[in-house]
Amino acid sequence: MSDVVVGHPANPAPLLEQVFSQIAADEMCHLPFYRDHIPLRACGFQLFEQQWIGALLTPWMLSLVVLPGPQQRWDRRIVGERLMLALPCGNIGFTVSEVAGCGQYLSRSLMSPLETSLGAEQAVQLAEQSARMALSLPVVDADAPANPRRRALFNKVSQMKNQHA
């Protein structure tokens, strides 16, 4: 086994769907938390800082997934190791994962097992939105103070001044 994980030159979504469809058929379909009405989809994969990032929806889980991009070479890591990545949405903890046919990747479980009430269309929308949100800049009220405690302190000072006036 090589000490280096070589990047995926093209969008890995079709490969992920193929590999995880085989895992579903071979290993997962008979487990009690398997939701056979949920489609298997790799959603929203795009390059971000030369890495592929998107969401993987299976009949048993929803995860954010990061794979090495074109011309990337990752050092091989221990499966199960945890890493923090700074994404536009904030810092997210990922776990090093590996599956035959796909190699090493980083995953962050968003829902495992899937909610029993989740419908197929809802699940796909959730996966697509999760991929989009991971790469979305956080929205912050420009007029809000940076430190809410400081704002509370100023309000108390203002109230005290008004009481003494």
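Given the structure is predicted, the values throughout are model-derived calculations rather than measurements.
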What heavy-atom pair brings [X] and [Y] nearest, and what distance separates the two atoms?
X: Cys43; Y: Ala127; answer: SG-CB, 3.7 Å
X: Ala120; Y: Pro39; answer: CB-CD, 3.8 Å
X: Ser21; Y: Leu40; answer: N-CD1, 3.7 Å
X: Leu137; Y: Pro88; answer: CD2-CB, 3.9 Å
X: Ala134; Y: Cys89; answer: O-SG, 3.3 Å
X: Leu16; Y: Ala42; answer: CB-CB, 4.3 Å

To the closest 0.5 Å, what do you measure between [atom1] ([X]) and [atom2] ([Y])?
X: Leu64; Y: Leu87; atom1: CG; atom2: CG; result: 7.5 Å
X: His30; Y: Asp36; atom1: NE2; atom2: CG; result: 11.5 Å
X: Leu15; Y: Leu67; atom1: CG; atom2: CG; result: 8.0 Å
X: Leu126; Y: Glu121; atom1: CG; atom2: CD; result: 12.5 Å
X: Phe94; Y: Leu83; atom1: CZ; atom2: CG; result: 9.5 Å
X: Glu27; Y: Tyr34; atom1: CD; atom2: OH; result: 11.5 Å

Can you find a heavy atom in the side chain of [X] that is under 4.5 Å from one in the side chain of [Y]?
X: Trp52; Y: Pro68; value: no
X: Arg108; Y: Thr95; value: no
X: Trp60; Y: Ile38; value: no
X: Phe20; Y: Met28; value: no
X: Leu62; Y: Leu56; value: no
X: Val96; Y: Ile78; value: no
X: Gln104; Y: Val99; value: no
X: Trp74; Y: Val6; value: no

Would you kindly confirm whether [X] and [Y] end up in one hydrophobic cluster when ILVMFWY residues are joined by side chain heavy atoms under 4.5 Å apart?
X: Val79; Y: Val5; answer: no
X: Leu135; Y: Leu47; answer: no
X: Leu106; Y: Ile53; answer: yes
X: Val65; Y: Val19; answer: yes
X: Ile92; Y: Leu57; answer: yes

**OP:** Check for a donor-acceptor pair, side chain of Gln51 on one end and backbone N or O of Val66 on the other, with a separation under 3.5 Å.
**Re:** no
Original post:
Would you say the side-chain atoms of Gln122 pair up with the backbone N or O of Gly119, donor to acceptor, closer than 3.5 Å?
Top reply: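 Yes, because the side chain of Gln122 sits within donor-acceptor range (under 3.5 Å) of the backbone of Gly119.
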**OP:** For side-chain contact (heavy atoms from CB on, under 4.5 Å), just list the numbers for Thr116 and Arg35, CA-CA rounded to whole Å, side-chain angles, deciding distance to a tenth of an Å, and then say yes or no.
**Re:** CA-CA 8 Å; Thr116 56; Arg35 309 280 177 250; 3.0 Å; yes
**OP:** May I ask you to say whether Arg77 pairs ionically with Glu98, meaning some side-chain N is under 4.0 Å from a carboxylate O?
**Re:**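 Salt bridge between Arg77 and Glu98, a charged N being under 4.0 Å from a carboxylate O: no.
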Original post:
Looking just at side-chain N and O atoms, do Ser97 and Ser107 make a donor-acceptor pair shorter than 3.5 Å?
Top reply: yes
Original post:
Is the count of non-hydrogen atoms from other residues, nucleotides or ligands lying under 6.0 Å from Asp75 atom CG greater than 12?
Top reply: no
**OP:** Determine whether more than 12 heavy atoms belonging to other residues, nucleotides or ligands lie under 6.0 Å from atom CD of Gln18.
**Re:** no
Subject >> Partner set under side chain to side chain donor-acceptor pair (under 3.5 Å) for Glu128, not counting sequence neighbours >> reply: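 If we apply the side chain to side chain donor-acceptor pair (under 3.5 Å) test to Glu128, skipping adjacent residues, there are no hits.
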